[in-house]
Structure formats: C-alpha cells, structure tokens
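Throughout, protein chains are lettered first and strands after them, A, B, ... in sequence-line order, and every chain is numbered starting at 1.
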Protein chains: 2
Amino acid sequence: MTKVKESSTRNYNKGIAEMTCPITYVMNKIGGHWKTIILYYLISGPKRYGELKRLIPAITEKMLIQHLKQLQEDNLINRKAEDIVPPHVVYSLTPSGEELGPVLLAMAEWAIKDSAKYAGFTATADTCVK
Amino acid sequence: MTKVKESSTRNYNKGIAEMTCPITYVMNKIGGHWKTIILYYLISGPKRYGELKRLIPAITEKMLIQHLKQLQEDNLINRKAEDIVPPHVVYSLTPSGEELGPVLLAMAEWAIKDSAKYAGFTATADTCVK
DNA sequence: ATAACTACTTACTTTGGGGTAGGTACTTGT
DNA sequence: ACAAGTACCTACCCCAAAGTAAGTAGTTAT
C-alpha cells in the first residue's frame, strides 16, 4: 500500500489503448507528421540518408534521424551502413513497412481526391514519391 | 510594406507542405491520436455525443469536442443538433469521411496483422468499432 | 590549410496538444 | 429543493514534440 503516483492516468490510458485499439497502434507507429512522409518516400525504393534529406527539405536533420531511429525500433525500416570512409547509409522498408505501403498510397489517393473538391491544392500522385 | 513576422518559417513550410504533399494533407486532417479513433467509431454509423464519450472512455470532454469541431471544419463529419430541451446532437460521416473509412479499416487490418508478429497485443477487428 | 562532403550528435528553447477542473443552461425526476 | 442528465465552454497548466544552432570524425578536393 505504498504511494503510487508517476503521473499514472496518462500512461495507464495510453498503454491500455495501444493494447486494445488497432487504430491507436497504427498512430503510435506512424503518427506525428514526419514518419508517414519518410515511409512514403521509401515506398519507391531504398534511399540514402542524404537523399531523404534532399527529398524532404522542410525536415531538420534532428527530426529526420530521430524518426528514422523510431521507425527502426518499430520495425518498419532497415538501416544498412557500410563501414567506409565517407559514411554510406541506406534505409529501406522492412516487410512490415512494405505492408504499410498500400495504406499510405490509399491515404495519398484520398488526399488528392478530397483536395480536388475544394481547389487550391495542386498535388498529384507522385508529388511526394518523386 | 509593414513588418511581417508571425513566426513565419514554420507556417510557411506547413503551408507549402500541405499544398504539395498529399500525405501531409491527410495527416493534417486525421493526425493527432484522437481524430482517427472518432472517425473509426463513426464508420459503423452516426452517433450521439454521449455515445462517443462512452465508447471512448479515455478521451476527455474537451478533447472530444475539440476534435469533433476540427473534423467538422475539415468537412469529415456532420453535426446535426435538434433544438430540444435535453440537447440531442448526432454526428455522422460526410461523403469525404465515408471515403476515408476504407483507409482507416486498412490501417486497422495492418495493425492486427502486424501486432500478431510480436504478440502481447490482443486486438481484434472490432475492438474499436463495437 | 581550408573547405566540403558524409551521417550523424548534443544542448538549448519554444510551442502547442493534451489534461484538470471547474462552470453553463435548461428540464425532468424524487 | 436538489440531484441528475444533456451537450457543451473556459481558464489554467504541463510536458513532450519539434525547432535552432552548433559540433563531431575522417577523407577528399582546391
């Protein structure tokens, strides 16, 4: 009967939700603005760190690496580093990541269709994919 | 030629990104933990405010209303209020929202499949839908 | 010798999403 | 008279996510 505190409500709810709600499970893995974009770019094939940086100019290096790490931890991407003098690191989708591909493409399709309703949006299917 | 400041870089990038990246467009509408869950519950049919509250016990009233409003503004849900004495408000998906349904279901399917790989996750297809 | 390239790391600051805890208006039930 | 139920609103606070800006190591190019 000791005092338990540790700002419990929040953590408790998060844990429960992730265990029981598939949508929450997904959002914990791809939520947060950058992860989906990174994954989206990787659908079209493995990319080097620098390539991703150039493809997503708005992202900061810190954010890119941070999310690449999290995506690795969540088993959505692989990191292959060659131990040579100018570093050469390639990121690619894992099988789990590949399976997410169609979902991301469906999201993009919806965006293009939906944005067309309101005009002022000029994206095409490969704006992000390149 | 007056002073324009308004912490511009961030807003500028956000605007550009939303106009050119379909994935960002989607995430601006359904990102942020609760929106997808609310939409997911509405797939199975219109629901009253109180129903949603009961279906998603972890959400606070503030968050529920806040996101319902944003979803309205983003044209994903309808709000139908009868002007009677005990208020009666029903939320339902708009056509745009309906079109997002399959995407959300695909996300959920992926979650169930993916979580099965690691065990410790016991969700089924209707854990959230009820 | 100095800049440029690679893929990072670290320290510091800001911002806004989310939580807590109250209140509102109006009616029905006891 | 007072609680209970409906669907909200408001002010305040906190923390984690995101941004800023700098540094690291080792090599090649000028």
Nearest whole angstrom, please: distance from the [atom2] of [N] to the [atom1] of [X].
X	N	atom1	atom2	value
Glu61(B)	dT6(D)	CD	C1'	10 Å
Glu51(A)	dT6(C)	CD	C1'	13 Å
Ile38(B)	dG17(C)	CD1	C1'	14 Å
Met27(A)	dG18(C)	CE	C1'	15 Å
Asn28(A)	dA16(D)	CG	P	15 Å
Ile84(A)	dA7(C)	CD1	C1'	12 Å
Gln70(A)	dA16(D)	CD	P	13 Å
Ile56(A)	dA7(C)	CD1	C1'	15 Å

Side-chain contact, heavy-atom cut-off 4.5 Å: [X] with [Y]?
X	Y	result
Leu42(B)	Leu52(B)	yes
Leu39(A)	Ile43(A)	no
Tyr40(A)	Leu105(A)	yes
Ile38(A)	Tyr91(A)	no

With DNA chain D as reference, determine whether Ile59(A) or Pro86(A) sits nearer its 5' end, using the nearest nucleotide of each.
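Nearest-nucleotide comparison on DNA chain D picks Ile59(A).
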
Most 5' of Val85(A) and Met63(A) on DNA chain D, judged by nearest nucleotide:
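Whichever sits nearer the 5' end wins; that is Met63(A).
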
Any idea which of [options] is nearest the [X] side chain?
X	options	value
Thr60(A)	dT9(C), dC8(D), dG19(D)	dG19(D)
Lys69(B)	dG19(C), dA11(C), dC9(D)	dC9(D)
Arg54(A)	dA7(C), dA7(D), dT6(C)	dT6(C)
Arg48(B)	dT20(D), dT10(D), dA7(D)	dA7(D)
Gln66(A)	dA18(D), dA7(D), dG19(D)	dA18(D)

Check this one for me: any side-chain N or O of His88(A) less than 4.0 Å away from OP1 or OP2 of dC5(C)?
no

May I ask you to evaluate whether His67(A) reaches the phosphate of dA17(D), defined as a side-chain N or O under 4.0 Å from OP1 or OP2?
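It does not, given that no N or O in the side chain of His67(A) lies less than 4.0 Å from OP1 or OP2 of dA17(D).
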
Asp114(B) side, atom CG; Leu100(A) side, atom CG - distance, nearest 0.5 Å:
7.5 Å

Set of residues satisfying side-chain contact (heavy atoms from CB on, under 4.5 Å) with respect to Pro86(B), sequence neighbours excluded
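Listed in chain order: nothing, the list is empty.
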
Taking for Tyr91(A) and for Lys62(A) the nucleotide of DNA chain C with the nearest heavy atom, the one nearer the 5' end belongs to Tyr91(A)

Using residues 61-82 of chain B as the side-chain source, report each donor-acceptor pair under 3.5 Å to any protein atom, sequence neighbours left out, with the distance given to one decimal.
residue	atom	partner	partner atom	Å
Glu61(B)	OE2	Lys53(B)	NZ	2.8
His67(B)	ND1	Met63(B)	O	3.0
Gln70(B)	OE1	Lys35(B)	NZ	2.9

Starting from Watson-Crick (N1-N3 plus N6-O4 or O6-N4) and G-U wobble pairs under 3.5 Å, report the runs of at least three that DNA chain D belongs to.
C:1-5 with D:26-30, C:7-24 with D:7-24, C:26-30 with D:1-5

Assign Pro87(A) to base, sugar-phosphate, or nothing according to its heavy-atom contacts below 4.0 angstrom with the strands shown.
base

What's Lys53(B) touching, base or sugar-phosphate or nothing? Going by heavy atoms closer than 4.0 Å.
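Counting heavy atoms under 4.0 Å across all strands, no contact is made by Lys53(B).
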
Keeping Trp110(A) on the side-chain end and Gly101(B) on the backbone end, is there a donor-acceptor pair under 3.5 Å?
no

